[in-house]
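What follows is one structure encoded as structure tokens, with my remarks underneath.
Letters A, B, ... are given to chains in the order of the sequence lines, protein chains preceding strands, and every chain is numbered from 1.
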Amino acid sequence: MSDSTTTAPDSSGKKVSKITEAVIRIAGNSQDGIQAIGGFLARLAGRSEQDVMTFMTIPSTISGGPSIFQVRIGTGEILSSGDEADVLLAFYQHSYEGHIGSLRKGGIVVYDSDHVEPNDAYRGDYQHIGVGISSLAIEAIGGSARDKGKNIFALGLIARMFDLNVEKLKKLITERFLGKPENITNNALLAFSAGYAYDVGDLADLFSFHEADGSLSNQVVMNGNEALGYGLITAGVRFGAGYPITPWSDIMELLRRELPKYGGSFVQCEDEIASVSTAIGASYASGVAVTGSSGPGIALKSEAIGWAVMAEIPLVVVNVQRGGPSTGMPTNVEQSDLFIACFGGHGDSPRVVLAPSDVEDAFYMAIEAVNIARKYSVPVFILSDQAIATRIEAFPEPNLKELMQDITPDRSPVADHKPYDLSPEDGITRHIVPGTRVASGKYPVVTGLEHDELGHPTGSKQLHIDMTAKRRKKLLSLRATLPKTEPYGPAEGDVLLVGWGSSKGPIREAVDRMRKAGENVSAVHVRYLNPLPNDLGEIMKGFKHVLVVELNDQGFNGYGQMGTLLRAKHTESKIRGITKTDGLTWRVSEIVERVHAAVENAG
Amino acid sequence: MSKLSFGYEALDRTGTLNVGEVPPVPDSERVGLKKKDIAADHPTWCPGCGDFSVLAIYFKLIEQRKIWHENITTVAGIGCSSRFPYFVQGHGVHFIHGRALPYASGVSLSRPDLHVFAFGGDGDAFSIGGNHFTHTARKNIRMTYLVMDNWVYGLTKKQTSPTSPLGFKSKTDAWGSFDRPINPMKQAIAAGATFVARTTHTNPKHLLEMMDAAMDHKGFSFIQCLSECVEFYEGAFDASNPRKGGSFETVPEDHDVTDEIAAYKLADEGFPGKFGIYYKNDRPSKNEQEEALGEKMRAKVQGLEDWQILQKNFDRMK
Ligand SMILES: Cc1ncc(C[n+]2csc(CCOP(=O)(O)OP(=O)(O)O)c2C)c(N)n1
Ligand code: SF4
Ligand SMILES: [Mg+2]
């Protein structure tokens, strides 16, 4: 809880400290609705013009199990979900024992005294506040609702502790249960009010956030999967096909629910091979379509993606990465699919790979992915990950009226058509969709065999040379138009951190922290991963060390997957990797320590 | 500043060849296509291959039904039979081995104005693509799927196929195959196909009749067409060819095509069996059902532009 300033007693006589931000960790079981508390807090922050970022873990079993939800709310920009919590709300003994270590020294643990027996060894380091959350919630609702409602009771407690806007929260609760039987909403409001009214006698201070400065008005609050799904709809995608797998399923469920409203549809296929094939068929016939998956499902799509590279059919492939290989760690984060995205497939099969760096970026990157696929007639991967997928962020509301695209292909007749025309310098292919009349009477075939300019098979060595080069060249034309990479921090210094995907926030926070300590550290965040932007080379020149921070294994040669690509492109021995495979996002302190160690060991 | 580095661009239609405006021609002023207009590359099949007849009859069907060039959509997987699209002047797709059906599904579901034809071999359909066959049939996705069944892998030069009969000596079963073959007709009926017919390349008139009836069908229409591989399984279907001393018998007049059990019994007859439509029902296609769902959902957002529909969702996320 950074920068507690003014204190003034509130009506109960307690001191109220003004704070700029707080990290609250809620630990319980997934079936207790702790995600709901987190969701309410995040949404409230969005409406209160505050910034917010959340982090959650979900058990991989359906029956539930230990789970946490962490919310970091603040008046300024929030870059990560926070290394240490200011407040821990613990529902069970295992929540208490397992997460007390995540509290900062002097932090507050609020525990359900019906389930938790505090450990005296911890009393010195952390403020302990026991509240009979379970029994009080039951009492408030009238005894019938078993454990239900204790999450909302706890929300009331938090609202009291942090002087949150009660009216806004009640409105959120009412909205959430809209359409449900009235007594459910009433029970929730009863539980909330009881929590809010509870006199937390043992708590010395209350807190209150500084007023927002108004710079974060008009925010929307959602998770990364939602942002990506809505981004695709905004881009004009009206058809998709997929097969369920965590954490990708949310996106397909969203598209299945939403697309029919726009005259589109989403097909749940029999497997991932069918999904990618169906999506390619639709892309060919009706404009860029989407497929997606996570982990093993991506491997299954490889052959068909190779076909789309060869036949030069646009396609968007969403890969919400999780821990691998194989079934791996389905509910943990990892960035170990960069290689399969860039190279997964036989033959030389250049394709585009993009990686959003946060929830807002997932929305915009989805639109860019569609536009690149469309313009360059190529499959485009969106490499999201479990962390972006499940975390909730607030971001400025996009101007949907301006952004909404119509990508329905033109079907008016053409004079003559050669889809694989070799003459344009940029190597870009243009397809016509079925139903388009070709006045010359000569129709194209799209094919996975090496082909001539009309798509007919050829055994010509020269054509294979030329067509292979064409497929490469068109993406080099794309590379030439990539936006300039902007370093975070000065363009010269000792250490440059290179990151991609969901690590952007923690890396930036690490840079801030080290610069504050007088270290010359900057960072670049790469969003266009394949082909890589050319200007990275120029930026790297300004630094003694280039450390690539990624969530994957260091490999045989000591660098992660992005590190390997950068080494191949720039052949600089100062490029090294900082990698890890614990299935968790980076903590800021972890990055700082690893950077110090890497610089020390540079030899 | 825009948050997009790659915003929407209106793209030009095609490369160097597409010059000038092409005025649309009203259908009434167009003349129907003749074989010479529809034929593209000269087929690469071995002389005498059964697949030639299927191609010739496809041309006839297009001619007879006055299908315009631009609406010919031919999709295939991989195999000798699957090279089909190269030989047809129309929008063609030569996809990957075994996956013609999901590709054709994507075309069919996103383009209700087109009738998609998918072609393939027995390996493509029932081995590597077996799962897709089942699911495309049960979902009743509108298209016509014709499998040129030659009881062998042709393109890869004589390995056992899922329809090779017991005892067939192939390069992978030199001593004679002992894996029980698939019965495509039973498979199709059991999977829930709504139009299941059987024909042979040696009876072009019957083949045309079946393709014509299949095209009239509103859902997934499946045709098993015996198509001899003269190179690797010569004489396989002689018993069904009167010119080779066999017998060609059509489905009995009194067969009830809506009777699934009767159809299954027909499919159980030993070779050469009967030819014709075994099974047919009018269960709504996935295409129709998706369309109906869309109409229902769109009624709720009537009069709204796309961005306004999405805005409603965003308003709930504030
Ligand atoms: C993924 C994959 N596996 C294997 C092959 C090799 N292959 C090509 S065609 C074929 C079998 C063709 O048999 P069938 O489908 O019966 O067609 P036919 O040639 O008999 O008409 C095989 C195994 C391939 N192209 N792709
Ligand atoms: S190998 Fe058999 S199936 Fe292939 S073209 Fe020759 S005869 Fe036809
Ligand atoms: Mg075959």
Side-chain angles (χ1 to χ4, degrees), chain A residues 46-47 220-222 230 233-234 239 260-263 265 267 269-271 273-274 277-282 284-286 303-304 307 364 367-368 371-372 375 397 400-401 404-405 410 413-418 421 423-424 430 432 434-437 439 441 443 445-449 456-457 483, chain B residues 3-9 11-20 22 24 37 40-41 68-71 73 75 85-86 89-96 99 102-107 109-111 113-114 131-132 135 290 293-294 297-298 300-301 306-307 309-311 313-314 316-318:
Chain A
R47 286 191 184 178
V220 283
V221 179
M222 64 184 86
Y230 289 125
I233 291 176
T234 310
F239 192 96
K261 296 184 196 166
Y262 302 83
S265 63
V267 183
C269 291
E270 55 271 28
D271 57 33
I273 302 176
S277 304
T278 301
I280 296 173
Y284 158 76
S286 61
E303 187 197 1
W307 183 89
Y364 290 101
I367 303 175
E368 293 200 346
N371 290 337
I372 291 172
K375 177 164 179 184
E397 180 177 10
L400 296 178
K401 187 178 183 187
M404 183 63 75
Q405 304 188 159
D410 187 350
V414 296
D416 204 350
H417 184 71
K418 278 196 298 195
D421 195 345
S423 53
R430 294 273 177 267
I432 52 174
T436 308
R437 186 166 67 86
Y443 282 80
V445 183
V446 291
T447 170
L449 280 171
H456 288 258
Chain B
K3 287 182 173 162
L4 289 179
S5 298
F6 295 92
Y8 178 83
E9 273 179 69
L11 305 174
D12 64 332
R13 295 297 297 287
T14 178
T16 48
L17 272 185
N18 187 29
V19 277
V22 183
D37 307 311
D41 294 3
W68 304 123
H69 253 153
E70 65 269 25
N71 294 332
T73 317
V75 179
Y86 296 119
Q89 198 57 268
H91 293 278
V93 183
H94 190 217
F95 196 49
I96 55 177
R99 324 294 175 190
Y103 191 105
S105 299
V107 179
L109 289 167
S110 69
R111 287 291 300 279
D113 58 310
L114 299 170
N131 198 25
H132 309 311
H135 290 273
E290 290 288 339
L293 172 75
M297 305 263 295
R298 281 197 297 284
K300 293 183 191 156
V301 290
D306 282 5
W307 74 267
I309 303 174
L310 187 53
Q311 188 65 53
N313 290 35
F314 273 49
R316 280 196 295 275
M317 294 189 294
K318 287 181 184 167

Non-hydrogen side-chain atoms of His94(B) and Trp307(A) separated by less than 4.5 Å: no
Top contributor to chain A interface from Arg111(B), Arg298(B), His69(B) [non-hydrogen pairs under 4.5 Å]: Arg111(B)
CA sep, side-chain torsions, deciding dist, call: Phe314(B), Met222(A), side-chain contact (heavy atoms from CB on, under 4.5 Å): CA-CA 9 Å; Phe314(B) 273 49; Met222(A) 64 184 86; 3.8 Å; yes
Lys401(A) atom NZ, neighbour heavy-atom count above 12 within 6.0 Å: no
Flag side-chain contact, heavy atom, 4.5 Å: Glu70(B) against Thr436(A): no
Side-chain heavy atoms of Lys261(A) within contact of Asn313(B), under 4.5 Å: yes
Exam field: side chain Trp68(B) to backbone Arg437(A), donor-acceptor pair closer than 3.5 Å: no
Polar side chain donor-acceptor pair, Asn371(A) to Tyr8(B), under 3.5 angstrom: no
Aromatic plane relationship, Tyr103(B) with Tyr284(A) - under 30° parallel, 30 to 60° tilted, over 60° perpendicular: tilted
Most contacts with chain B, counted as non-hydrogen pairs under 4.5 angstrom, among Leu449(A), Val221(A), Val220(A), Asp410(A): Asp410(A)
Backbone of Tyr443(A) reached by a side-chain donor or acceptor of Gln89(B) within 3.5 Å: yes
Atom of Gly281(A), atom of Val107(B) and distance for their closest heavy-atom approach: O-CG2, 3.5 Å
Chain B contacts, top residue of Pro483(A), Gly435(A), Ser265(A) (heavy-atom pairs, under 4.5 Å): Gly435(A)
Distance in Å, Asp306(B) CG paired with Ile233(A) CD1, rounded so as to fall on 0.5 Å steps: 9.5 Å
Nearest heavy atoms of Pro102(B) and Ser277(A), plus distance in Å: CB-CB, 3.7 Å
Modelled atom types, side-chain donor and acceptor of Tyr364(A) and Ser5(B), under 3.5 Å: no
Smallest separation among heavy atoms of Pro434(A) and Leu114(B), with atom names: CB-CD1, 3.7 Å
Per-residue contact mode, Val446(A) against chain B (heavy atom under 4.5 angstrom): both
Heavy-atom proximity to chain B below 4.5 Å, by part of Glu368(A): both
From CG (Leu11(B)) to CZ (Arg430(A)), nearest 0.5 Å: 4.5 Å
Partner chain A: residue of Thr73(B), Val93(B), Leu293(B), Asn71(B) with the largest heavy-atom pair count (under 4.5 Å): Val93(B)
Heavy-atom side-chain proximity of Thr447(A) to Phe95(B) below 4.5 angstrom: no
Nearest atoms (heavy-atom pairs only) where Val22(B) meets Ala439(A): CG1-CB, 3.9 Å
Between His135(B), Met297(B), Lys318(B), the one whose heavy-atom pairs under 4.5 Å with chain A are most numerous: Lys318(B)
Short side-chain to backbone donor-acceptor contact, Arg99(B) and Ala274(A), under 3.5 Å: no
Step-by-step side-chain contact (heavy atoms from CB on, under 4.5 Å) determination, Gln311(B) to Glu397(A): CA-CA 10 Å; Gln311(B) 188 65 53; Glu397(A) 180 177 10; 2.5 Å; yes
Exam field: side chain His132(B) to backbone Glu270(A), donor-acceptor pair closer than 3.5 Å: no
Check: Trp307(B) and Thr234(A) side chains under 4.5 Å, non-hydrogen atoms: no
From Phe239(A) atom CZ to Glu290(B) atom CD, the distance as rounded to the nearest 0.5 Å: 8.0 Å
Pick from Ala279(A), Gly448(A), Cys269(A), Gly263(A) with the largest number of heavy-atom pairs that fall under 4.5 Å of chain B: Gly263(A)
